[in-house]
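Data block below; observations after.
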Amino acid sequence: MNIIKVVKEEFANYIAGKLNVDPALVLSNIEYPSKENLGDLAIPISSIRKDRAQEISKELEGYRGKYIKITKAQGIFLNAFIDEKQLFVDLFSSLNDSYGLEKTPKPLRYLVEHTSANPIHELHVGHLRNAILGDTIARLLKARGHQVITRFYVNDAGRQVATLIYGLEKLGFPEPPHGVKVDHWLGNIYAITNVLIEIRSLQEEAEKTKEDPQKYREIISKLDELVIISNELRTKSEKEFDILTDKIRDSKEAESRILEIIRLYENNDKRLSEIIRRYVNLALEGFKESLKKLDIEYDGFDYESDLLWNGYVSEVVKLILNSPYRENYKGTIAINISDNIDEGVKEKLRIPKGLDVPPLVVIRADSTTLYTTRDIAYTIYKFRNFNVDYVINVIAEEQTIPQIQLRAALYLLGFKEYGINLIHYSYAMVNVQGIRMSSRLGRLISLDEIFERVKSVAISKIKEKGGVLENVDEIVNSALRYAILSASASKQISFDINRIVDLNQNSGPYLQYTYARAYNILAKSTDKLDVNEANTDDMIDEKRKLLILIAKFPEVFEYTSDNLSPETLITYLKSLADAFNRWYDKERILQEPDKGKRIARLFIVKGVERVLYNSLNVLGIKPITRM
RNA sequence: GGACCCGUAGCUCAGCCAGGAUAGAGCGCCGGCCUCCUAAGCCGGUGGUCGGGGGUUCGAAUCCCCCCGGGUCCGCCA
């Protein structure tokens, strides 16, 4: 039950009746006062009546109803004070285990695709943000009563995997060594292969430009940089590095073999496909292991290569070739978007008015397809195969234009609904202080490394406090999730490990700690919680504040999940935990001698415990009872 | 050149979409609190021309316009 909504409605109906206006208009203007002593609900009367706002506000003073004990005027505002006794009784007599997780009146089917890292190297901090956001919005939608499917798209048909396979081929397709995580091992081989090919290509170029001293110098300085990087890489995998240095001698040879690998794999060459799948799956196993620590799992993995093999892509190609919107563009086949969608369609597809959408090249001059072509096929597959209403792609903001082109292409190819119902959940970059990350060069901060660093700090903190070590992974998980989720997705965040490691009052562990406090009070209590036995006479100060905060939770949850804005829930939980901890320090609960008062206090604890339990779960954070 | 995101306290961020009361938190810094339900806590202090300028409004951090700064994109890469 969303009780605060009922209270607001009472307030709105009173005002609407008095002023003879639409109650819905009044309701939409109700807000919470900026200062507690002003009241619990407020409405600026001037938002309804421009003239005489102050006088009218004065005239509306003195109302008393079921949930509102008094209304008071304050300038143009009319403030309402909630009857805490009535609120207490009605809130806690209906409080159940799933309190606050209001089900949507309109359940829909969603597919959330997230993370989708290339299976060529370990996950890094950018993937961390993607995975946490994706997992959380899936949890939010599920908790809201929608059907949700999560997928991970495996980009195995592109150049990057082929480069990795090229390197592995030169190494004789080795078995992964013991003692090193397989995705890290593959990441090294990929980086070495890449860097060596680049070095060879630069060396060849240098030979040719010897007569042009300026160009020559430029190339040499680039080469120097790569040599430094390659030395770093050698320290990580000496044996592989030396073999590859010996075997990769010619960039042309590498280039043509990589293209051949791509072609063979696209055509499902039996021998090569088996090999590639085996290594790709090894990388995925590494991903799963990393993400398992964050309690992130997928309903399934979709391979780009499958879309090529099972004809989905060629079907799309056929559609494009027959489309009236196709055009020849610099020797390629493209979809002309800007000439074929008007303002109305742009709005439907959420394309900025002033943006001139570039043509989408779908077939290269050499008649091979591009990533986006396969993405069109994949999107159709997602909608059709899983029979969903909406597809949410959690993808970095750099991909905004390709995502727009994708929606427009679907629309123009006759999949209007798919184009409209494809949502790009965009997030900004993660900067890591002092380090420029490059997966191509093997320079990145891995998710595993971050996890372990936070973990070692958490362990020393637990030891210092004399706490229990059993929940340390859950504590690390909450620290990471909180750090990512407390900032809006659209904001660039600078990832500072030292701040995440500081498990202070603005952190996931703080919320877990508060939960543990509340839980243990309830666990130690022997009282039977009966609303009729609660004495609400001292429902004042922090207790009253907590009561109202608990009552607001359903509204906060609805907003958070309908707007997919986890930061709203985080901000609310922080203020709930703050209020609880202030109260906890000031007043005893279990030691309160008056049974009625004690029971009333226990109800407040119960409310806080439930709200924290349910919201932490929705955020993917484990509510733990001991720290 | 164009499009999008961001700019709020020394640092990291809420608040902006749906305008409303003296702009909030955490960290940092200074000073206190454990014979008492978990001190990852509590109490007090410190700190802001809400990037700048104009406009709309009774009222602007919030809406509109211009400008400045940071980031991203505008590939026959993925």
Side-chain angles (χ1 to χ4, degrees), chain A residues 28-29 31 33-35 38 42-47 50-51 53-54 74-77 79 118 155 157-161 304 329-334 351-358 361-366 368-372 374-375 396-402 404 426-429 431 458 461-462 464-467 475 483 486-494 496 498-499 502-514 516-525 563 567-568 570-572 574-575 577-578 580-592 605 626-627:
Chain A
S28 68
N29 282 297
E31 56 195 62
S34 52
K35 291 278 178 290
L38 292 171
I43 182 156
I45 294 297
S46 50
S47 62
K50 287 276 174 248
D51 59 316
Q54 284 210 25
Q74 182 80 244
I76 56 142
F77 287 91
N79 297 321
N118 282 327
N155 304 136
R159 194 192 161 82
Q160 292 186 297
V161 163
E304 192 179 4
Y329 177 75
K330 298 181 185 171
T332 70
I333 294 172
I351 299 172
K353 267 204 192 94
L355 179 70
D356 192 21
V357 185
V361 174
V362 282
I363 297 164
R364 289 192 186 95
D366 68 2
T368 57
T369 59
L370 285 91
Y371 175 82
T372 320
R374 301 183 298 259
D375 212 7
E397 69 171 340
E398 295 96 279
Q399 304 287 332
T400 301
I401 300 278
I404 283 171
S426 151
Y427 63 91
M429 244 175 49
N431 305 304
K461 185 142 190 167
I462 290 165
E464 179 192 312
K465 304 268 172 202
I475 291 170
S486 53
S488 312
S490 60
K491 210 159 216 158
Q492 290 170 45
I493 52 177
S494 70
D496 181 353
N498 295 317
R499 207 168 51 248
D502 183 11
L503 310 174
N504 60 35
Q505 187 167 356
N506 196 11
S507 72
Y510 170 69
L511 296 181
Q512 288 176 307
Y513 179 76
T514 307
R517 277 185 155 178
Y519 175 88
N520 285 301
I521 292 168
L522 295 171
K524 285 175 185 160
S525 159
N563 293 284
E567 70 275 15
T568 308
I570 295 262
T571 305
Y572 162 83
K574 165 83 167 67
S575 69
D578 287 347
F580 180 78
N581 285 317
R582 269 198 295 276
W583 175 49
Y584 180 94
D585 216 62
K586 211 173 276 182
E587 255 181 15
R588 302 280 73 86
I589 295 152
L590 296 173
Q591 288 92 327
E592 167 57 42
V605 177
R626 293 188 67 199
M627 282 181 80

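Lettering follows sequence order; numbering is per chain, from 1.
- Counting to the nearest Å, the C1' atom of B:C74 and the CD atom of A:Glu398 are 13 Å from each other.
- The base of B:G20 is paired with the side chain of A:Ser46 by a donor and an acceptor separated by under 3.5 Å.
- Between the CD atom of A:Glu31 and the P atom of B:A21 there is a distance of 7 Å, rounded to whole Å.
- Of the side-chain N and O atoms in A:Lys491, one or more sit less than 4.0 angstrom from OP1 or OP2 of B:G7.
- Rounded to a whole Å, the CH2 atom of A:Trp583 is 19 Å from the P atom of B:C36.
- Put simply, the side chain of A:Ser507 gets close to the backbone of A:Tyr510: a donor and an acceptor are under 3.5 Å apart.
- Taking the C1' atom of each, B:C64 and B:G44 are spaced 44 Å apart, rounded to whole Å.
- Between B:U38 and A:Lys524, a contact under 4.0 Å exists linking OP1 or OP2 to a side-chain N or O.
- Between A:Tyr510 and B:C42 there is a side-chain N or O to OP1 or OP2 distance below 4.0 Å.
- Looking at A:Asp375, its side chain never comes within 3.5 Å of a backbone N or O of A:Tyr371 through a donor-acceptor pair.
- If you take CG of A:Asp585 and P of B:C33, they are 14 Å apart, rounded to a whole angstrom.
- Checked for salt-bridge contact, A:Lys574 and A:Asp578 meet the test: a charged N lies under 4.0 Å from a carboxylate O.
- Across all strands shown, B:G47 remains unpaired; no Watson-Crick or G-U wobble contact has both distances below 3.5 Å.
- At the heavy-atom level, A:Thr571 lies under 4.0 Å from the strands shown only through sugar-phosphate atoms.
- Nucleotides B:G70 and B:G24 are separated by 25 Å at their C1' atoms, to the nearest Å.
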Determine, stepwise, if the pair A:Tyr513 / A:Leu503 fulfils side chain to side chain contact (heavy atoms under 4.5 Å, CB included). CA-CA 10 Å; A:Tyr513 179 76; A:Leu503 310 174; over 6 Å; no
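- Computed from coordinates, the A:Lys586 NZ to B:C33 C1' distance equals 14 Å when rounded to whole Å.
- Counting any heavy atom pair closer than 4.0 Å across all strands shown, A:Ile401 reaches sugar-phosphate atoms only and no base atom.
- Nucleic acid contact class of A:Ile493 (heavy atoms, under 4.0 Å, all strands): sugar-phosphate only.
- At least one donor-acceptor pair closer than 3.5 Å links the side chain of A:Asn520 to the backbone N or O of A:Ala516.
- Between A:Tyr584 and A:Phe580, the two ring planes are tilted [angle within 30° to 60°].
- With its glycosidic angle more than 90° from 0, B:C27 adopts the anti conformation.
- Side-chain N/O atoms of A:Asp502 and base N/O atoms of B:A40 include no donor-acceptor pair closer than 3.5 Å.
- Between A:Gln54 and the phosphate of B:C58, there is no side-chain N or O to OP1/OP2 separation shorter than 4.0 Å.
- Distances shown here put a side-chain N or O of A:Tyr513 below 4.0 Å from the OP1 or OP2 atom of B:A40.
- Distance, A:Glu464 CD to B:G41 C1': 14 Å, rounded to whole Å.
- Between A:Lys574 and B:G24 there is no side-chain polar atom (N or O) within less than 4.0 angstrom of OP1 or OP2.
- Here A:Ile475 lies in heavy-atom contact (under 4.0 Å) with a base.
- Shown here is A:Arg588, whose CZ atom has more than 12 heavy atoms of other residues, nucleotides or ligands within 6.0 Å.
- Contact annotation for A:Ala53: no contact, since no heavy-atom pair falls under 4.0 Å across all strands.
- More than 12 heavy atoms of other residues, nucleotides or ligands sit less than 6.0 Å from atom OH of A:Tyr572.
- Contacts of A:Asn79 with the nucleic acid, taken as non-hydrogen atoms under 4.0 Å apart, include base atoms.
- When the side-chain nitrogen and oxygen atoms of A:Thr400 are compared with OP1 and OP2 of B:C73, none of them lie within a distance under 4.0 Å.
- Between A:Arg517 and B:A40, a side-chain N or O to OP1/OP2 separation shorter than 4.0 Å is absent.
- Atom-to-atom, CG of A:Asn520 to C1' of B:G41 comes out at 15 Å; the value is rounded to the nearest Å.
- Look at the P atom in both B:G20 and B:C63: the space between them is 10 Å, to the nearest Å.
- Side-chain nitrogen and oxygen atoms of A:Ser488 include at least one within less than 4.0 Å of the OP1 or OP2 phosphate oxygen of B:A14.
- Residue A:Phe77 and nucleotide B:A21 are classified as a stacked aromatic pair, their ring centres being separated by less than 5.5 Å at an interplanar angle below 30°.
- Straight-line distance between the C1' atoms of B:C33 and B:A39: roughly 9 Å, to the nearest whole Å.
- Using a 4.0 Å heavy-atom cutoff across all strands shown, A:Arg582 reaches sugar-phosphate atoms only and no base atom.
- Comparing B:C50 with B:U62, their C1' atoms are spaced 10 Å from each other, to the whole Å.
- For B:G26, the paired nucleotide is B:C11, the pair qualifying as Watson-Crick or G-U wobble because both relevant distances are below 3.5 Å.
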A correct 5'-to-3' footprint of nucleotides 65-71 of chain B, with B, S and - meaning base, sugar-phosphate only and no protein heavy atom under 4.0 Å, is -----BS
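- Contact of A:Arg159 with B:C77 (side chain to base): no donor-acceptor pair of N or O atoms is detected under 3.5 Å.
- In terms of polar N and O atoms assigned as donor or acceptor, the side chain of A:Gln399 comes within less than 3.5 Å of the base of B:A78 in a complementary pairing.
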Take A:Thr332 and A:Leu370 through the test side chain to side chain contact (heavy atoms under 4.5 Å, CB included) and record every step on the way to the result. CA-CA 11 Å; A:Thr332 70; A:Leu370 285 91; over 6 Å; no
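- If you check every strand for non-hydrogen atoms under 4.0 Å, A:Glu587 touches a base.
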